[in-house]
Amino acid sequence: MTINAVIPTEAAADEAATREKLVRTAHDLIPLLRDNAERTERDRRLTDEVTDAVRSAGLFQVCTPRASGGFGGGLRTMVEVTAELSRGDGSTGWVAFIANTTAFSFGLFPDDVRAAVYTDPHNVAISQFTPVAAATEVDGGYRLTGKWPFASGSHQAQWTLTAFRVLDDAGQLREVRFALMSAADLTIEDTWYVAGMAGTGSNTYVADDLYVPREFTLDVETFAGRKFAAWLPEEPGYRAPIGTLACLGIVGPLMGMAEGAWDLVLDSMKSGRPITAAYGDIRDAPSYRIALADARTAIDTGRFHLLRAADAIDSAAHDGRILSLAERGNLRGAAAVATRSFRNAVDLLLDIGGTRSFALSNPLQRVWRDLEVASRHGLNNTLMNREEYALSLLGMDQAFPDSL
């Protein structure tokens, strides 16, 4: 299916200028995020200082439609902004990724729904894509009861977009939909106790017989980008498939964490500390210099594949073209390559840092733990993403017919 869309060439230049400004804003926050990172982890939520700084800078609204007061950024912009935030603190960049992926989904909702969400243009919405709760259809909408774990940003959000199962009278699955709910109508169970990414506040949302109007829900076909919503024709970037976009967007924070590890180790090496009796200065050791070069190459390799894939999604959306399963497989393959490259880079950097990297006083150990946890999120399962890519190469795409 192709929708003809004439996109003026200045649109790309406008977004590039906006992206440069937002990335610079995110970069300027790195010292603040690093200063707060230990407390963010200890409190298992972003500090108020960090939340206020990111919110007031509009970095939770990078992908909010311009029609709703946001920046209307695409995937490339989201990836680069969340990477810079994650360079300062992984949990902060992750919450911004979740908020902006959800903000992107508002391009799929009609004006009155967006107006209800953005009574304050700095409002934050988050999302949970796993349909673990069930609902019954009632006149005008649905009634939901259930729990949604892993609600990253639960302390920052005013709204949440959650997947749910619609059951028929016999209790059998009829369809999966996505419901937009006010966080004020939900309760939070304090369940987020983890080895890494502790500061994301990824607790559990609970709904008890909550009524959601039908217009506040999305069907899977629209959400997955297998058909286009009719809203916001003047902002064509919102034709991208959210699931594939999220699969790649999740790698943005990983890139930032790898860059954060790079900063820490490079600074350590420049101090000229000794490593053995043979080398009074770590910079004199050829093996350590090679490991540093290999780590930089791994980060650059991951960046190349991630940004190439992000550009491909943005381009297809602006062209009004639905991505084929084969193309989605290729993009998920790129996500897997990028993820493995960032992990490899941090492994090499830890080899350079040595045992001192794991002292609790060394922020490098927190970066390592955050990356290890974040890189294994279900949306970024490198084993499954590589499998999907392999199947697409063999023309066996239908093995993943419901892939988002």
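Note that this is a predicted model, so its numbers are computed, not measured.
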Would you tabulate the side-chain donor-acceptor contacts of residues 64-73 under 3.5 Å, counting partners in other chains and residues two or more places apart, or write 'none'?
{"from": "T64", "atom 1": "OG1", "to": "Y118", "atom 2": "OH", "distance (Å)": "3.2"}
{"from": "S68", "atom 1": "OG", "to": "R114", "atom 2": "NE", "distance (Å)": "3.0"}

- [ ] State, to 0.1 Å, how close A258 and V346 come at their nearest heavy-atom pair, and which atoms those are.
- [x] CA-CG2, 3.9 Å

- [ ] List the steps, then state whether side-chain contact (heavy atoms from CB on, under 4.5 Å) holds for T217 with F164.
- [x] CA-CA 10 Å; T217 69; F164 67 97; 4.2 Å; yes

Task: For D300, all residues meeting salt bridge (charged side-chain N to carboxylate O under 4.0 Å, His left out), sequence neighbours excluded - done: R296

Open item on the list: Restricting to non-hydrogen atoms, name the atom on N100 and the atom on F60 that form the minimum distance, rounded to 0.1 Å.
Closed with: OD1-O, 3.3 Å

Task: Donor-acceptor contact below 3.5 Å, side chain N123 vs main chain V117 - done: yes

- [ ] Keeping to residues at least two apart or across chains, list the side-chain hydrogen bond (donor to acceptor under 3.5 Å, both in side chains) pairs with something in residues 80-90.
- [x] H27-E84, R76-E80, R87-D263, D89-T92

Open item on the list: Applying side-chain contact (heavy atoms from CB on, under 4.5 Å) to N344 and T301, what does each step give before you reach the verdict?
Closed with: CA-CA 11 Å; N344 182 44; T301 297; over 6 Å; no

Open item on the list: Minimum heavy-atom separation for S357 and L350, please, with both atom names.
Closed with: CB-CD2, 3.8 Å

- [ ] Nearest 0.5 Å please: distance from the CG atom of L46 over to the CD atom of Q156.
- [x] 4.0 Å

Task: Check: N362 side chain, Q365 main-chain N or O, donor-acceptor pair, under 3.5 Å - done: no

Open item on the list: Could you measure the distance from the CZ atom of F97 to the OG1 atom of T200? Nearest 0.5 Å is fine.
Closed with: 11.5 Å

TODO: Name the orientation class of the two ring planes belonging to W192 and F150 (parallel below 30°, tilted from 30 to 60°, perpendicular beyond 60°).
DONE: perpendicular

- [ ] Would you tell me whether S152 and W94 have side-chain atoms, one donor and one acceptor, within less than 3.5 Å of each other?
- [x] yes

Open item on the list: Restricting to ring pair (Phe, Tyr, Trp, His ring centres under 6.0 Å), what partner residues turn up for F109, sequence neighbours left out?
Closed with: F106

- [ ] Go through the steps for T119 and Q158 under the test side-chain contact (heavy atoms from CB on, under 4.5 Å), then give the verdict.
- [x] CA-CA 11 Å; T119 52; Q158 287 72 52; over 6 Å; no

Task: Main-chain N/O of G107 paired with E235 side-chain donor or acceptor, under 3.5 Å - done: no

Task: Expected output: side-chain S315 to main-chain A312 donor-acceptor under 3.5 Å - done: no

TODO: Mark yes or no for whether N36, through its side chain, and T40, through its backbone, hold a donor-acceptor pair below 3.5 Å.
DONE: no

- [ ] Inspect the surroundings of CZ in R386 and state if more than 12 heavy atoms from other residues, nucleotides or ligands are less than 6.0 Å away.
- [x] no

Open item on the list: Under a 3.5 Å distance rule, please check whether D370 uses its side chain to pair with a backbone N or O of M197 as donor and acceptor.
Closed with: yes

TODO: Applying side-chain contact (heavy atoms from CB on, under 4.5 Å), run through V95 and V54 and close with a yes or a no.
DONE: CA-CA 10 Å; V95 172; V54 176; over 6 Å; no

Task: Any donor-acceptor N/O pair, R143 side chain to T136 backbone, under 3.5 Å - done: no

TODO: Taking all heavy atoms of A246 and all of T101, pick out the closest pair and write down the distance.
DONE: CB-CG2, 3.8 Å

Open item on the list: Could you check whether atom CH2 of W159 has more than 12 heavy atoms from other residues, nucleotides or ligands sitting under 6.0 Å from it?
Closed with: yes

- [ ] Supply the atom-to-atom distance S105 OG to L218 CG, rounded to the nearest 0.5 angstrom.
- [x] 6.5 Å

- [ ] Give, for atom NZ of K147 and atom CG of D208, the distance between the pair rounded to the nearest 0.5 Å.
- [x] 11.0 Å

Open item on the list: Tell me whether W148 contacts the main-chain N or O of L161 through its side chain, where contact means a donor paired with an acceptor under 3.5 Å.
Closed with: no

Task: Basic-acidic side-chain contact under 4.0 Å: R283, D281 - done: yes

Open item on the list: Taking the side chain as everything from C-beta on, heavy atoms only, tell me whether Y389 gets closer than 4.5 Å to R332.
Closed with: no

Task: Heavy atoms of other groups near D120 CG, more than 12 under 6.0 Å - done: yes

Open item on the list: Testing the 3.5 Å rule here: is there a donor-acceptor pair between the side chains of S91 and E41?
Closed with: no

- [ ] Enter the distance from L254:CG to L306:CG here, rounded to the nearest 0.5 Å.
- [x] 8.5 Å

- [ ] Would you please name every residue forming a salt bridge (charged side-chain N to carboxylate O under 4.0 Å, His left out) with E38, sequence neighbours left out?
- [x] none

Taking distance alone, no hydrogens or angles, what donor-acceptor pairs closer than 3.5 Å link side-chain atoms of residues 125-132 to residues at least two apart or in another chain?
{"from": "S127", "atom 1": "OG", "to": "T102", "atom 2": "OG1", "distance (Å)": "2.8"}
{"from": "Q128", "atom 1": "OE1", "to": "T160", "atom 2": "OG1", "distance (Å)": "3.1"}
{"from": "Q128", "atom 1": "NE2", "to": "T160", "atom 2": "OG1", "distance (Å)": "3.0"}

TODO: Check P236 against H318 and note the closest heavy-atom contact, atom names and distance.
DONE: CG-ND1, 3.6 Å

TODO: Classify the side-chain pair T204/T191 by whether it contains a donor and acceptor separated by less than 3.5 Å.
DONE: yes

Open item on the list: I'd like to know if R321 and E327 make a salt bridge, using a cut-off of under 4.0 Å between side-chain N and carboxylate O.
Closed with: yes

Open item on the list: Any heavy-atom pair between the side chains of R289 and P286 that's under 4.5 Å?
Closed with: yes

- [ ] Could you tell me the separation between the CZ atom of R45 and the OG atom of S154, rounded to the nearest 0.5 Å?
- [x] 8.0 Å

Task: Side chain to side chain, K270 and L266, heavy atoms closer than 4.5 Å - done: yes

- [ ] Specify the closest pair of heavy atoms between A96 and L85, including all atoms of both residues, with the distance to one decimal.
- [x] CB-CD1, 3.6 Å

Task: Residue pair V212 / L180, side-chain heavy-atom distance below 4.5 Å - done: no

TODO: Flag the pair E221 / E175 as yes when at least one side-chain heavy-atom distance between them is below 4.5 Å, and no otherwise.
DONE: no

Task: Contact check, side chains of R343 and R376, non-hydrogen atoms, under 4.5 Å - done: yes

Task: Heavy-atom side-chain proximity of I352 to L292 below 4.5 angstrom - done: yes

Task: Beyond-backbone contact of F216 with M181, side-chain heavy atoms, under 4.5 angstrom - done: no

Open item on the list: Donor-acceptor check, side chain of S268 to backbone of L264, threshold 3.5 angstrom: yes or no?
Closed with: no

